Amino acid sequence: MTDRTLTMAEHDPRTADAIAAALDALAGRRLAVLTGAGVSTDSGIPDYRGRGAPVRTPMTVDQFLASEDARRRYWVGSHLGWRAFAAAAPNPGHLALATLEGRGLATGVITQNVDGLHVRAGSRRVVELHGTMRRVFCTHCGQVFDRRDLAQRVETENPWIVVPENVPLGPDGDVLPESTADFRIPSCTVCEGMLKPDVVFFGEFIPAEKFREAEQLVRGSDALVIAGSSLVVNSGIRLLERARRRRLPIVIVNRGATRADHRATVKVDAGTSDVLQVLADALPGAA
Ligand SMILES: [Zn+2]
């Protein structure tokens with residue numbers, strides 16, 4: 001009995017059939033992979049669109065830019081969650097995708113996540129559609145800062161801040177702050193301009209060159225795997241349509257329905273850590 005049959009034996013018959021169909025559809029092809037929040041839930045980062053997620057209203061870019069109060073709230077919450085967020089480790093799903101790329105079976109990963117876990121798992125070609133929390137930049141002079149350094153500075157300037165343990169994390173690694181009145185908002189060390197995390201806020205568009213990079217990755221592939229995304233975000237649907245126009249096999253791996261189940265070649269309704277591992281173990285070929 002191989003590892004593959006061992007793993008698949010744990011699935012109910014319908015899921016096992018879907019995984020087998022996915023393997024058939026993907027065998028011998030170079031995969032482009034699009035990932036969403038569902039890929040990171042096993043790393044302890046909740047999916048705010050997933051089942052059972054608390055309803056939250058994210059801050060829009062207009063609120064952030066227009067109001068110092070909003071920025072203060074944002075930075076306190078973001079800072080309090082940062083440590084737990086930074087401590088999250090890649091899970092078997094992230095590692096499986098890095099393995100597939102290492103073996104020449106995947107061309108890279110396009111992700112809607114801002115947690116940086118694909119990079120940390122060892123994926124080399126990663127298109128972060130919505131940016132990354134690992135970087136902060138100055139909206140005035142463009143200077144880029146490492147989030148770890150900024151977190152140090154925030155703590156130095158706000159020594160009263162206590163980072164709670166086991167805080168409930170938001171998808172961007174933020175928590176809801178209790179009190180923000182005394183918080184000193186970090187500013188650019190070069191020009192004292194306004195800092196902003198290098199992420200696409202609600203109400204902002206994905207930079208055009210970033211989306212083109214994602215399109216190129218799909219164009220250089222023979223199949224598309226969508227993992228852990230319910231495809232609520234339009235950029236995901238647009239990439240899926242690029243693949244469909246070229247009649248590429250499309251496999252969706254997601255717990256629960258997505259907006260495009262009916263457009264997929266195969267839909268696997270299961271957790272991504274498990275299924276991506278099966279794909280990495282069982283897909284034949286390459287190095
Ligand atoms: Zn600056």
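Note that ligands are numbered from 1 as they come in the structure, with each ligand's atoms numbered from 1 the same way. Side chains are part of it too, since the values below use all heavy atoms of this structure and drop only hydrogens, waters and symmetry mates. No experiment lies behind these values; they were computed from the predicted model shown.
- With contacts defined as side-chain heavy-atom distances shorter than 4.5 Å, the pair H140/C188 does not qualify.
- Criterion: ILVMFWY side-chain heavy atoms under 4.5 Å apart, direct or through other members. Under it, L217 and I226 are part of a common hydrophobic cluster.
- Between M133 and the options D198, N113, V114, a side-chain contact (heavy atoms from CB on, under 4.5 Å) holds for only V114.
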Anything under 3.5 Å between a donor and an acceptor, one on a side chain of residues 30-39, the other on a protein residue two or more places apart or in another chain? List them.
from: T35; atom 1: OG1; to: T111; atom 2: OG1; distance (Å): 2.7
from: T35; atom 1: OG1; to: H118; atom 2: NE2; distance (Å): 2.8

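- Listing protein N, O or S atoms at distances below 2.8 Å from the Zn ion (ligand 1), with waters left out, gives C138 SG, C141 SG, C188 SG, C191 SG.
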Using residues 59-67 as the side-chain source, report each donor-acceptor pair under 3.5 Å to any protein atom, sequence neighbours left out, with the distance given to one decimal.
from: T60; atom 1: OG1; to: Q63; atom 2: N; distance (Å): 3.2
from: T60; atom 1: OG1; to: Q63; atom 2: OE1; distance (Å): 3.4
from: Q63; atom 1: OE1; to: T60; atom 2: N; distance (Å): 2.9
from: S67; atom 1: OG; to: D69; atom 2: N; distance (Å): 3.2
from: S67; atom 1: OG; to: A70; atom 2: N; distance (Å): 2.8

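- When the side chain to side chain contact (heavy atoms under 4.5 Å, CB included) test is applied to D146, the partners found at least two apart in sequence or on another chain are R148, D149.
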